[in-house]
Each structure stands twice: as structure tokens, then as C-alpha cells.
Amino acid sequence: NAGVTQTPKFQVLKTGQSMTLQCAQDMNHNSMYWYRQDPGMGLRLIYYSASEGTTDKGEVPNGYNVSRLNKREFSLRLESAAPSQTSVYFCASRLQWAPSEQFFGPGTRLTVL
Amino acid sequence: TQLLEQSPQFLSIQEGENLTVYCNSSSVFSSLQWYRQEPGEGPVLLVTVVTGGEVKKLKRLTFQFGDARKDSSLHITAAQPGDTGLYLCAAVQGNSGGSNYKLTFGKGTLLTVNP
């Protein structure tokens, strides 16, 4: 099992460009999450999907949209990137009805110039 | 949103020393998790504590959940260079099977253990 995979690993954008971060898990998990990690800020929740077909806002959703494409895949879209969105983005998943470990992907490092 | 305060923010020690990292809040947690993150990787779960006063041991790591379930600590005995990393506490919100389940993370403690 690959666990949680994220693409791309690195990305540089110019202000105003758009892009989609991809996340997939092969553990048959119900719930998936997107976080951003900034120096000295820990991880902050952007959006989450408790189960296929549902999405909800987290702590810092402004400037982002998500799509739960199917049970395996959960994408994060930046429609018009801003320098404030420079960060490392992590996707995570968990089995909804189990004790609550979240499994994280390796992250995408995004720089917006 | 529960605010989690972690201290210290940075810790640099010599191999063999003991250390304690703290995670505090003014709110009561249903449960709390500790994760460890190495450079360039995602966090990995170390432990979940659920019951007030609970103590869990994982080799040289000891985790304690406060009696009032508002605070937690991580103690490492005889630290080794392999313990180097970012230690994050996370408060669990919502029920395990509910649609509102999510984690709120502290800002982390960056530990460096020098040989």
C-alpha cells in the first residue's frame, strides 16, 4: 500500500495563477483532510471531507476550493494564487469509524511569487 | 476553536538528557493526540490519550493526560539523535464517527538532540 500520496511535491506559481493539488489514498478511508503548515504556526485545517460526497470548511478556507472526486481522491484548488498561500500543504485521511489516527501524505511545497 | 499552547517552541539538548514538552489549553479535550514530524515528511501519530490522568509509555517516551483533560505532556528519557523532529499535539473535536470530527494542532516543539 502506498498510503496517502500527493502530487506535485514542489510547485512555483506566479500571483494570479491557478493550480490543483492532488491527493489520493489507498486505505479505503472515509474521511480526508487538507492542511497547510507555515513556520511557527503548526498545521491549520483548510477543508475536510467526512465521507464521499461531503465537504466542509476548516479554520482557513478562504482562497481555496476542494473536490471529493471519489472515495480515494480529494483535490485542493487555488483559483488565483496569492503570496500568502506560500506554504507546505498536507493531505490526510482516516477511517471514519475507527480510533482516530490520521495518516498524512508527504506534502506539497508551494511557493507563490 | 480550541487554542493549544505548546512549550517550549524550540529545544536543543545533548544526547542522554531528559526533556519534557507541554501542551495546554483553557478548554477541556475529549481526547488528545501527539504526532512527530521529520523534515520533508508528514506527521506520524505517536499516541492518543483519552482518559483524564492517563499515562501511556512508548519505549523512552511517556505521555500524560491531565486529570482535568485540559493539558498534556510528553517526556523523553535519555534522548537520542533519532528523536530529533517536530512534536505536535492535537486536540480532537467531534466524535470518531461524526461528520464534524477534526483535529486542532498546537504550533509544535522543534527538538534537536545533538550527539
Side-chain angles (χ1 to χ4, degrees), chain A residues 2-6 9-10 21 23-25 27 29-61 66 68 87-109, chain B residues 1-11 21-25 29-51 54 56 58 63 65 85-110:
Chain A
V4 179
T5 57
Q6 293 183 235
K9 283 188 175 296
F10 302 93
L21 281 64
C23 174
Q25 51 88 13
M27 297 175 283
H29 286 173
N30 311 90
S31 303
M32 298 185 73
Y33 305 81
W34 276 106
Y35 295 89
R36 60 177 289 173
Q37 186 174 35
D38 303 296
M41 294 297 293
L43 280 90
R44 292 182 293 171
L45 183 64
I46 305 171
Y47 271 95
Y48 65 105
S49 172
S51 59
E52 188 178 356
T54 69
T55 60
D56 284 287
K57 295 179 180 179
E59 182 185 355
V60 288
V66 290
R68 182 76 182 265
S87 189
V88 182
Y89 292 85
F90 288 97
C91 177
S93 72
R94 64 179 283 268
L95 191 61
Q96 187 175 9
W97 295 98
S100 44
E101 178 174 4
Q102 287 194 11
F103 293 82
F104 285 81
T108 293
R109 184 175 294 275
Chain B
T1 302
Q2 296 171 317
L3 179 63
L4 288 175
E5 301 275 354
Q6 269 191 255
S7 61
Q9 190 174 357
F10 300 97
L11 191 54
V21 174
Y22 299 94
C23 179
N24 297 294
S25 175
F29 311 138
S30 58
S31 60
L32 185 136
Q33 298 183 326
W34 285 92
Y35 287 80
R36 177 168 169 261
Q37 184 180 19
E38 297 192 28
E41 299 182 7
V44 176
L45 180 69
L46 295 173
V47 77
T48 301
V49 286
V50 179
T51 306
E54 182 176 6
K56 282 192 173 179
L58 188 66
F63 303 86
F65 201 15
L86 180 67
Y87 289 82
L88 295 155
C89 65
V92 177
Q93 294 179 270
N95 297 319
S96 176
S99 62
N100 61 344
Y101 175 95
K102 50 184 183 266
L103 299 179
T104 300
F105 283 86
K107 294 182 179 181
T109 295
L110 186 60

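Chain identifiers are assigned alphabetically (A, B, ...) following the order of the sequence lines, protein sequences preceding nucleic acid strands; residue numbering begins at 1 within each chain.
- Between B/F29 and B/L4 the shortest side-chain heavy-atom distance falls below 4.5 Å.
- Chosen from B/L45, B/L110, B/L86, B/T48, the residue pairing most often with chain A at heavy-atom distances under 4.5 Å is B/L45.
- Residue A/F103 does not touch chain B at all, counting heavy-atom pairs closer than 4.5 Å.
- Contact of B/E41 with chain A is made through the backbone alone, with heavy-atom distances under 4.5 Å.
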| said: Evaluate A/D38 against A/S87 for side-chain hydrogen bond (donor to acceptor under 3.5 Å, both in side chains), listing each step before the verdict. | reply: CA-CA 6 Å; A/D38 303 296; A/S87 189; 2.8 Å; yes

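- Ranked by heavy-atom pairs under 4.5 Å with chain A, the first of B/P43, B/G106, B/G108 is B/P43.
- For a residue to count as touching a neighbouring chain, one of its non-hydrogen atoms must lie under 4.5 Å from one of that chain's; by this rule A/Q6 does not touch chain B.
- The salt bridge (charged side-chain N to carboxylate O under 4.0 Å, His left out) search around B/E38 returns B/R36, not counting sequence neighbours.
- In this structure A/R68 satisfies the salt bridge (charged side-chain N to carboxylate O under 4.0 Å, His left out) test with no other residue, sequence neighbours excluded.
- Side-chain contact between B/L103 and B/V92 is present, with heavy atoms from C-beta onward closer than 4.5 Å.
- Interface remark: A/L45 contributes side-chain atoms only to the contact with chain B (heavy atom separation under 4.5 Å).
- For chain A, no part of B/F10 is nearby; none of its heavy atoms comes within less than 4.5 Å.
- Looking at heavy atoms from C-beta onward, B/L46 lies in side-chain contact with B/Y87 at the 4.5 angstrom threshold.
- Interface residue B/Q37: only side-chain heavy atoms are found under 4.5 Å from chain A.
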